[in-house]
Chemist: 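Handing you this structure, nothing more for now.
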Protein chains: 2
Amino acid sequence: MTNTDPTTESSTGRAPAAMARPTKQRLAVANVLSTFNDFRSAQEIHSLLDASGEKVGLATVYRTLQMLADSGEVDVLRTEDGEAAYRHCSDSHHHHLVCRSCGATVEVEGPTVERWTKAIAAEHGYADISHTLEIFGTCASCS
Amino acid sequence: MTNTDPTTESSTGRAPAAMARPTKQRLAVANVLSTFNDFRSAQEIHSLLDASGEKVGLATVYRTLQMLADSGEVDVLRTEDGEAAYRHCSDSHHHHLVCRSCGATVEVEGPTVERWTKAIAAEHGYADISHTLEIFGTCASCS
DNA sequence: CAGCAAGATGAGAACCGTTGTCAAATCCGT
DNA sequence: ACGGATTTGACAACGGTTCTCATCTTGCTG
Ligand SMILES: [Zn+2]
Ligand SMILES: [Zn+2]
Ligand SMILES: [Zn+2]
Ligand SMILES: [Zn+2]
């Protein structure tokens with residue numbers, strides 16, 4: 001929320017939501033991002049690029065990911081051990097139901113919990129709400 | 001999937017709530033934890049100990065915090081930039097509403113989200129449900 | 001098309017939170 | 001007090017992320 005970016009004052013006015021400059025590398029990153037639906041680490045994404053023949057420096061991958069995250073084009077989350085994981089921003093916000101023993105994951109969503117978090121937050125005077133939610137259990141075939 | 005826990009505890013039930021060994025250092029850490037209500041980083045906690053005269057090695061602080069977290073005596077969460085933050089925890093199941101800028105934390109709870117997670121999980125055939133949920137926002141005084 | 005300045009890139013170093021190492025200190029039951 | 005097991009702490013090592021900066025590219029102008 002703090003407006004700390006002095007570089008956005010182009011004479012032509014507000015920049016559109018498009019990528020600042022569609023360089024080969026940035027397109028490559030954006031491209032890999034569209035090949036998977038789960039969250040992957042920056043380094044993993046770098047490897048994917050490498051494996052697919054695209055040669056993009058690790059620093060550039062980080063920079064691009066950060067940039068896409070800032071512009072809201074990708075979702076970011078932190079793994080339990082502190083790594084950042086990225087995923088192309090899907091239109092539907094959802095959570096994960098993960099099997100504790102085999103890892104089987106189901107994507108779940110619903111307005112109930114979304115409403116609840118917003119309500120609770122508003123009730124306490126908090127604004128600009130976001131949340132993280134993971135559900136763990138034992139799946140049918142592991143019971 | 002990840003089978004990385006060799007310390008298989010007996011399936012007899014809940015872990016005992018007692019601290020393994022109440023050494024001077026562990027008590028000191030547990031003590032500082034009771035002096036604040038928001039989430040603090042391990043290093044911050046180490047500084048607090050230092051400032052209060054208690055000399056506890058950084059490694060020990062990390063170890064103790066980890067241990068308390070594992071035994072459920074403290075809450076842990078990851079800040080946006082990947083650092084772990086700790087806070088003394090009340091015994092009842094609850095979630096946190098955390099201010100993104102000043103860290104002010106409110107414990108929240110309610111049957112709604114509990115019911116929702118159980119229902120969703122059951123709907124997908126998952127049993128023995130648990131969940132993690134954190135809500136982030138900007139508190140009233142930081143707006 | 002040549003020239004140019006702002007912007008982007010990448011190899012590697014720097015950073016920083018966290019974890020590992022291991023000798024020395026401490027604890028505890030006997 | 002004794003001896004074995006546990007814990008501690010200074011410091012090294014690690015891994016993810018960011019910084020640095022010399023070297024390209026890009027987009028544009030004339
Ligand atoms: Zn399973
Ligand atoms: Zn949600
Ligand atoms: Zn809950
Ligand atoms: Zn605040």
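Proteins come first, then strands; the chains are lettered A, B, ... in the order of their sequence lines, and each starts at number 1.
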Chemist: With respect to the phosphate group of dA8(C), does any side-chain polar atom (N or O) of Thr23(A) fall under 4.0 Å of OP1 or OP2?
Modeler: no
Chemist: Any base atoms under 4.0 Å from Lys55(A), or only sugar-phosphate, or nothing? Heavy atoms, all strands.
Modeler: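 Contact class for Lys55(A): sugar-phosphate only.
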Chemist: Whole angstroms only, please: what is the CG-C1' distance between Asp81(B) and dG15(D)?
Modeler: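 Result: 16 Å.
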Chemist: Would you mind reporting whether Phe39(B) and Asp75(B) have side-chain heavy atoms less than 4.5 Å apart?
Modeler: yes
Chemist: Whole Å only: how far is the CG atom of Asp50(B) from the P atom of dG9(D)?
Modeler: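 That distance rounds to 11 Å.
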Chemist: So how far is it from Arg87(B) CZ to Leu65(B) CG, rounded to the nearest 0.5 Å?
Modeler: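 Arg87(B) CZ to Leu65(B) CG: 13.5 Å, rounded to 0.5 Å.
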Chemist: Got a salt bridge between Asp128(A) and Arg100(B), using NZ or NE/NH1/NH2 to carboxylate O under 4.0 Å?
Modeler: yes
Chemist: What distance do Glu73(B) atom CD and Tyr86(B) atom OH have between them, rounded to the nearest 0.5 Å?
Modeler: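 If I round to the nearest 0.5 Å, the distance is 14.0 Å.
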Chemist: Calculate the interatomic distance between Leu65(B) atom CG and dT7(D) atom P; express it in whole Å.
Modeler: 16 Å
Chemist: Please give, in whole Å, the distance from dT8(D) P to Gln25(B) CD?
Modeler: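 Roughly 5 Å, once rounded to whole Å.
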Chemist: Go through it in stages, so that I can follow the logic: the residues are Leu33(B) and Ile45(B), the test is side chain to side chain contact (heavy atoms under 4.5 Å, CB included), and I'd like the CA-CA distance, side-chain angles, deciding distance and then a yes or no.
Modeler: CA-CA 8 Å; Leu33(B) 279 169; Ile45(B) 289 170; 4.0 Å; yes
Chemist: For Leu97(A) versus Ala121(B), what's the shortest heavy-atom pair and its separation?
Modeler: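 The pair with the smallest heavy-atom distance is CD2-CA, 3.9 Å.
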Chemist: Check this for me: Glu80(B), atom CD, are more than 12 non-hydrogen atoms of other residues, nucleotides or ligands nearer than 6.0 Å?
Modeler: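 Counting other residues, nucleotides and ligands, CD of Glu80(B) stays at 12 neighbours or fewer.
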Chemist: From CD of Glu54(B) over to C1' of dG9(D), roughly how many Å is that when rounded to an integer?
Modeler: 15 Å
Chemist: Between dC28(C) atom P and Lys24(B) atom NZ, what is the distance in whole Å?
Modeler: 12 Å
Chemist: Nearest to the Arg26(B) side chain among dT8(D), dA8(C), dG10(C), which nucleotide is it?
Modeler: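 Among the listed nucleotides, the one closest to the side chain of Arg26(B) is dT8(D).
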Chemist: Take the protein atom CG of Leu49(A) and the nucleotide atom C1' of dT9(C), then report the distance between them rounded to whole Å.
Modeler: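 The distance from CG of Leu49(A) to C1' of dT9(C) comes to 14 Å, rounded to the nearest Å.
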Chemist: Using a 4.0 Å heavy-atom cut-off to protein, can you give one letter per nucleotide of nucleotides 14-21 of chain C, 5' to 3': B if the base is in contact, S if only the sugar-phosphate is, - if neither?
Modeler: ---SBBBB
Chemist: Figure out the NE2/P separation between His46(A) and dT18(D), and round it to whole Å.
Modeler: 15 Å
